[in-house]
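Numbered from 1 within each chain, the chains take letters A, B, ... in sequence-line order.
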Number of protein chains: 2
Amino acid sequence: MFDALHYLVAQFVPLSDREKSVLESAFVFKQVPRKFPLVKHGQIANELYFINKGMLRLFYENDGDEITAYLFRENLFASSYDSFLRQTPSIQSLETLEDSDLLVITQPKMNELYEVLPKFNILTRKIAEQRFINAQQILSSFLLDSPEERYAKFVEQNGDLLLRVPHHIIASYLGMTPVSMSRIRNRLAQQKR
Amino acid sequence: MFDALHYLVAQFVPLSDREKSVLESAFVFKQVPRKFPLVKHGQIANELYFINKGMLRLFYENDGDEITAYLFRENLFASSYDSFLRQTPSIQSLETLEDSDLLVITQPKMNELYEVLPKFNILTRKIAEQRFINAQQILSSFLLDSPEERYAKFVEQNGDLLLRVPHHIIASYLGMTPVSMSRIRNRLAQQKR
DNA sequence: TCCTTCCATTAACAATTGTAAAGAAATGAG
DNA sequence: CTCATTTCTTTACAATTGTTAATGGAAGGA
């Protein structure tokens, strides 16, 4: 149950067996169905999720329709970070896209871990740094690439998601409408022929 | 010379007079002219800058033309963060937009500070967190707002920069061409009448 | 001060995107 | 298995953006 978590943590900071069990005890296993709301916008996010199985989507609610901010797959930590970090009402919502197996840690448990296991500071800092670098990469794609190039890069890096995630959710993640994405798909398919 | 720096640091973590002087001694004052290159893309960024006076721009070089990634004004830390944090070749360039007064700290000096002044960890973590939240805000503007709304928000928050920074540099920061930004300015000006 | 370079706007045209609506196909819940 | 819902694509039209080029004006360096 904790294999994937330990594997990820080990990439950032090595832990002894005893430290590993301390880490494990801070998490609670939770199985949630598809379309399950984990954070609603306006609420304060007080849980951080490690995804053992399934998929989560972080999204904005913009007068009626939903705009994807990020897609989290297996073996990633997911949360409405700004809300979780600063304990402020979230401007985003977090929901499962599939039936999911999650390891859940609460904000109070996090603070306990910081005291008992100082190395945990390094882990969260590195995760935050990675999130920043990641956000910057996505941002650069909006500045440097055309919608067509942005879609092409997405397929390169996350092609499998086209079969797992509804296209209109991917389209809003790429900053375009489903109609426009369908046209781009058509254009690229014809270029290949 | 260090007033603004101390003021910013105090917002994150309180320092004693002795700690302040330790902090000061890690920085070197540097006066650089307009259009001075601080980091060239491909190089590893080994300096972090606090801006006492002037203005810096972080930008991508995309076959010939330059796309603004961020504009740094007075009283901010500036750097090609991903390169500085991970000591990898920078994909961005950093340059002054005006004659600038900078406080410079090198990567080795930073590491010394971490050891002598443990509180420094908190400071850099919070700065990194702020940068992430900031990047996410900009990204959300690309997902949620039209180019026209994006320009309007920029004017609200950074209107003074319209008089300090060439418009084509702002346009690329907003993900549009100077021509399109000029049209948007025209449209918004007519709505006011 | 003069001269060169840079800069902002405008125009015209092509290309792309958004919007609204409709239909076909796939999916999920009971 | 069946039916209602969701999802993807296509079409037609309006609106916006990108591109290229030209102009007048501002700014910077010697």
Just the rounded figure in Å: distance from [atom2] of [N] to [atom1] of [X].
X: B/Asp145; N: C/dT17; atom1: CG; atom2: C1'; value: 17 Å
X: B/Leu97; N: C/dC7; atom1: CG; atom2: C1'; value: 14 Å
X: B/Arg164; N: C/dA8; atom1: CZ; atom2: C1'; value: 20 Å
X: A/Lys35; N: C/dT27; atom1: NZ; atom2: P; value: 14 Å
X: A/Glu66; N: D/dT7; atom1: CD; atom2: C1'; value: 15 Å

**OP:** Would you check if there is a donor-acceptor pair between the side chains of A/Tyr70 and A/Asn134 at a distance under 3.5 Å?
**Re:** yes
With heavy-atom distances below 4.5 Å as the criterion, would you say the side chains of [X] and [Y] are in contact?
X: A/Val39; Y: A/Ser83; answer: no
X: A/Asp82; Y: A/Thr88; answer: no
X: B/Gln136; Y: A/Arg131; answer: yes

Subject >> Residue of the set A/Arg164, A/Lys35, A/Arg34, A/Arg57 for which salt bridge (charged side-chain N to carboxylate O under 4.0 Å, His left out) holds with A/Glu98 >> reply: A/Arg164
Original post:
Which pairs, with at least one residue in residues 166-183 of chain B and sequence neighbours excluded, count as a side chain to side chain donor-acceptor pair (under 3.5 Å)?
Top reply: B/Thr68-B/Ser172
Subject >> Contact pattern, 5' to 3', of nucleotides 8-25 of chain D - B, S or - by protein heavy atom under 4.0 Å >> reply: SSBBB----BBBB-----
